[in-house]
Amino acid sequence: MSVFVGAVVQGAVGFGLGLVAAPVIAMLEPSAMPGAIQVVNVTLPLFTILGEWRGVDWRGLGFAVLGRVPGSLLGGLVVVYVSTRMLGVLVGVMVLLAVALTAWAAAVPRNRATITGAGFVSGITGTATGIGGPPMALVYSGAKGPQIRATLAVFFLLSAAQSLVVLAALDRLPARSLVFGATLLPFLVAGFLASGPLRRYLDGGRIRTGILCVAALSALTLILHGNLG
């Protein structure tokens, strides 16, 4: 059910699958994380790309991937040597501050520095916790819905694939993670198909508000999981 809801949110806003699904998977099958969430993370973007590929910001995507590569490697080391809960709390606080600043300002500046930085932070948190969407989404919060979703979809596709490779290289990707993630895919497909009405609603001038709300919820989820886990 959490994957279904997460797919509805991400299908409409452009991110959010990890926010809803990762904490539930971590509670039900902790040994399958973070590999299981990466299996669904690498699958859902394909559906968005098929429908909205014309909106991809290829130049910005290049800078995001440039930051994501070292961030993902660092995130892999976090999984091995550092408490992911501690990282989650730190990133959660940072995202909440970013949400507050974004809500107060007209928009987050979108340039090579901010996009590369967002890609780097997303690489760390996405690989270590499965929640890597907020940094990139906040940078693109001033764009149109199709551009946000399409750009984030390609970014998440590449990011999740890279995270799977990094986890496998560090021997943190057991077969049960892949199998468990595969069993979640039918719920993912159903959620994406159900996201259409919400997507059209948010595209009517409400996409920025939706991004800020989902990013804030992501931050609170990281903080609560870090404190209660």
Side-chain angles (χ1 to χ4, degrees), residues 2-3 5-24 26 34 37 40-41 44-45 48 57 60-61 64 67-68 71 75 84 87-111 113-156 159-160 191 195 198-199 201-203 205-227:
S2 64
V3 172
V5 175
V8 171
V9 174
Q10 182 156 319
V13 180
F15 74 112
L17 176 60
L19 155 68
V20 180
V24 177
I37 193 64
V40 293
N41 280 342
L44 182 57
T48 300
D57 173 19
L61 182 66
R68 168 78 194 201
T84 56
L87 172 70
V89 172
L90 176 61
V91 173
V93 171
M94 291 171 59
V95 170
L96 278 181
L97 290 174
V99 168
L101 291 173
T102 304
W104 177 74
V108 175
R110 191 163 75 248
N111 52 49
T114 57
I115 296 175
T116 303
F120 178 74
V121 176
S122 179
I124 298 173
T125 61
T127 300
T129 69
I131 302 177
M136 285 294 297
L138 288 173
V139 170
Y140 275 90
S141 62
K144 299 293 185 182
Q147 184 182 51
I148 296 170
R149 288 188 296 268
T151 304
L152 292 184
V154 178
F155 177 75
F156 291 150
S159 299
S195 68
L198 180 59
R199 181 163 57 246
Y201 173 79
L202 292 175
D203 281 352
R206 305 174 184 90
I207 188 69
R208 184 169 181 267
T209 300
I211 285 176
L212 294 179
C213 290
V214 176
L217 286 173
S218 297
L220 291 173
T221 297
L222 288 168
I223 294 171
L224 289 175
H225 184 258
N227 286 321

*Asks:* Does Leu220 have any side-chain contact (heavy atoms from CB on, under 4.5 Å) partners at least two apart in sequence or in another chain, and if so, which?
*Replies:*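 By the side-chain contact (heavy atoms from CB on, under 4.5 Å) rule, Leu220 matches Leu96.
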
*Asks:* What are the two closest non-hydrogen atoms of Ile223 and Val93, and how far apart are they?
*Replies:*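 In this case the closest contact between Ile223 and Val93 is CD1-N, 3.8 Å.
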
*Asks:* Could you give all pairs that pass the salt bridge (charged side-chain N to carboxylate O under 4.0 Å, His left out) test and reach residues 10-21, with sequence neighbours left out?
*Replies:*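 Residue pairs with at least one partner in residues 10-21: there are none.
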
*Asks:* Determine the minimum heavy-atom distance between Met136 and Ala118, stating which atoms define it.
*Replies:*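 Closest approach of Met136 to Ala118, heavy atoms only: SD-CB, 3.8 Å.
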
*Asks:* Kindly write out the residues that satisfy salt bridge (Lys or Arg N to Asp or Glu O under 4.0 Å) with Arg68, not counting sequence neighbours, or none if the list is empty.
*Replies:*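 Scan of Arg68 (salt bridge (Lys or Arg N to Asp or Glu O under 4.0 Å), adjacent residues dropped) gives none.
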
*Asks:* Could you pull out all residues at least two apart from Ala21 that satisfy side-chain contact (heavy atoms from CB on, under 4.5 Å)?
*Replies:*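 Result, side-chain contact (heavy atoms from CB on, under 4.5 Å) vs Ala21: Ser2, Val3, Leu17, Ile25, Ile37.
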
*Asks:* With sequence neighbours left out, which residue pairs that include part of residues 133-143 fulfil the salt bridge (charged side-chain N to carboxylate O under 4.0 Å, His left out) condition?
*Replies:*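 Sorted result for residues 133-143: empty, none.
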
*Asks:* What are the two closest non-hydrogen atoms of Gly133 and Phe15, and how far apart are they?
*Replies:*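 Closest pair (atom of Gly133, atom of Phe15, distance): C-CD1, 3.8 Å.
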
*Asks:* With salt bridge (charged side-chain N to carboxylate O under 4.0 Å, His left out) as the rule and sequence neighbours excluded, what pairs involving residues 142-152 come up?
*Replies:*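 Qualifying pairs: Glu52-Arg149, Arg149-Asp203.
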
*Asks:* To the nearest 0.5 angstrom, please state how far the CD1 atom of Ile148 sits from the CG atom of Asp57.
*Replies:*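 CG of Asp57 is found 11.0 Å from CD1 of Ile148.
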
*Asks:* Excluding sequence neighbours, so at least two apart, what forms side-chain contact (heavy atoms from CB on, under 4.5 Å) with Leu202?
*Replies:*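 Leu202: side-chain contact (heavy atoms from CB on, under 4.5 Å) contacts with Ala12, Val13, Leu198, Arg206, Ile207.
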
*Asks:* Kindly compute the distance separating CG (Leu152) from CD1 (Ile211), expressed to the nearest 0.5 Å.
*Replies:*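 Here the rounded value is 7.0 Å.
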
*Asks:* Sort and list the pairs that fulfil salt bridge (charged side-chain N to carboxylate O under 4.0 Å, His left out) and have at least one residue in residues 133-142, not counting sequence neighbours.
*Replies:*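 Not a single pair qualifies under salt bridge (charged side-chain N to carboxylate O under 4.0 Å, His left out).
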
*Asks:* Could you walk me through whether Leu61 and Phe155 satisfy the side-chain contact (heavy atoms from CB on, under 4.5 Å) test, starting with their C-alpha distance in whole Å, then the side-chain angles of each, then the deciding distance to 0.1 Å, before giving a yes or no?
*Replies:* CA-CA 7 Å; Leu61 182 66; Phe155 177 75; 3.7 Å; yes

*Asks:* Of all residues at least two apart in sequence or in a different chain, which pass the side chain to side chain donor-acceptor pair (under 3.5 Å) check with Arg199?
*Replies:*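 Arg199: side chain to side chain donor-acceptor pair (under 3.5 Å) contacts with Ser195.
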
*Asks:* Contact between Leu212 and Leu138 at the side-chain level, heavy atoms closer than 4.5 Å - yes or no?
*Replies:*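 Yes, side chains in contact.
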
